[in-house]
Amino acid sequence: SHAYNLVICGLCNEGRPYEGSKLLGDMLKNECKPNLAIYTTLIDSFFKVGDKENALKLLEQVQERGYKLDKFACSTVVNGLCKIGEVEQAWDFLERSQVLGLDVNAFSYSAIIDGLSKAGKIGEAEKVFKAMSERGCAGDVFCFNAIIDGFCKAAEMQKAMRILHWMEREGCEPTVYTYTILIDGHFKVRDLEGALKLWDEMIDKGISPNAVSFRTLSTGLCLSGNVSRACRILDELATMGVVPATAYADMIKVLCKAGRVKQACKLADGIIDRGREVPGKLRCAFINALRKAGKADLAFKMVHSRIGIGYNRS
RNA sequence: GCAACGAGCACGA
């Protein structure tokens, strides 16, 4: 039976719920009783391959067979429905589960809030958040992040910032996700100073930037013509020893894409001079960046130049 | 009984 569980999990994680449910059939035939976790895994997997029909069919079966859905199963269904755009139905399901006394937690609510935010229904997202709190379920970082994201995508930065301060007052610590969402939002409304302030705040709090957050920052800065600022921040990260793995390659990519090949060269030289990356690796990244930026001629030139890294300026 | 197994948030490509 454990063997079945492991294999079914494996199949589901590879996006093969059909083979998984065939095995589930075998289990039943052999009078093994699958546990709720297996059903949850399968339902999740069906949703992830976009097969709502089978996901819901399986859900029905679990309930018929007398399982009481737990918080994992509930949030899996809620999230599955939200991700395929059926937020309304997800909300109905959540409400019904709540009435049945099932375990509905912040995981479920965050999926709904996220779904509404992504659909641009920020007002409804706020309502759901309120309902959650009133029902005695405390919103966690995921819930706060989802609603902040909603405001950012709607370019309502002042409201987004208010949520940030609110969550902090509530003792919910922002994460690198929170800051990335907010920094991205500020860049999208061209508020560079606001974005930079948030970045500093994040660093001051000891939150390490990751590849995504740095890419958000460097892209925003480079595309708005503040390349040197981006380079300076990259330097600061280097001295602190928290440079995300793909930071250098990412920055070169944005610069090339923005047509600032010269700047990219300068950056590459600086990186190599300081011994912060293996020349061969950086060179390779540079060539790829040029290629993807539609500068095949320059890429070609670089492939055939044997000097340093970015020295064949044009 | 113990153990094993399941769920939600960000940029770009």
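Every heavy atom of this structure was used, including side-chain atoms; hydrogens, water molecules and symmetry mates were not.
Across all strands, A/Leu36 comes closer than 4.0 Å to base atoms (heavy-atom distances).
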What protein N or O atoms touch nucleotides 1-4 of chain B N or O atoms at under 3.5 angstrom, if any, and at what distances?
residue	atom	partner	partner atom	Å
B/A3	N1	A/His2	NE2	3.1

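Using cut-offs of 30° and 60° for the angle between ring planes, the A/Phe129 and A/Trp166 rings count as tilted.
If you look at A/Tyr18 and A/Phe46, their ring centroids are closer than 6.0 Å.
The salt bridge (Lys or Arg N to Asp or Glu O under 4.0 Å) test applied to A/Glu95 returns A/Arg135, not counting sequence neighbours. A/Lys188 pairs by the salt bridge (Lys or Arg N to Asp or Glu O under 4.0 Å) definition with A/Asp184, not counting sequence neighbours.
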(request) Let me have a per-nucleotide readout for nucleotides 8-13 of chain B, 5' to 3', with B, S or -, counting only protein heavy atoms under 4.0 Å. (result) BBBBBS
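Legend: salt bridge (Lys or Arg N to Asp or Glu O under 4.0 Å) pairs involving residues 7-19 of chain A, not counting sequence neighbours, sorted by first then second residue: A/Glu14-A/Arg16, A/Arg16-A/Glu19.
Placement of A/Tyr39 and A/Leu6 in two distinct hydrophobic clusters is found when ILVMFWY residues are connected by side-chain heavy-atom separations under 4.5 Å, directly or transitively. The hydrophobic clustering, which links ILVMFWY residues whose side-chain heavy atoms are closer than 4.5 Å, places A/Val242 and A/Met251 together.
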(request) Step by step, work out the side chain to side chain donor-acceptor pair (under 3.5 Å) result for A/Asp114 and A/Ser110. (result) CA-CA 6 Å; A/Asp114 179 56; A/Ser110 81; over 6 Å; no
(request) Let me see the working for A/Arg162 and A/Glu156 under salt bridge (Lys or Arg N to Asp or Glu O under 4.0 Å), right down to the final yes or no. (result) CA-CA 10 Å; A/Arg162 242 187 277 151; A/Glu156 304 214 55; over 6 Å; no
(message) Before you tell me yes or no, could you show the steps for A/Tyr4 and A/Asn30 under side chain to side chain donor-acceptor pair (under 3.5 Å), namely the whole-Å CA-CA distance, both residues' side-chain angles and the distance that decides it to 0.1 Å?
(response) CA-CA 11 Å; A/Tyr4 274 121; A/Asn30 296 337; 2.9 Å; yes
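For RNA chain B, none of the residues of residues 84-93 of chain A falls under the heavy-atom distance limit of 4.0 Å.
A donor and an acceptor atom sit less than 3.5 Å apart, one in the side chain of A/Thr40 and one in the base of B/G6.
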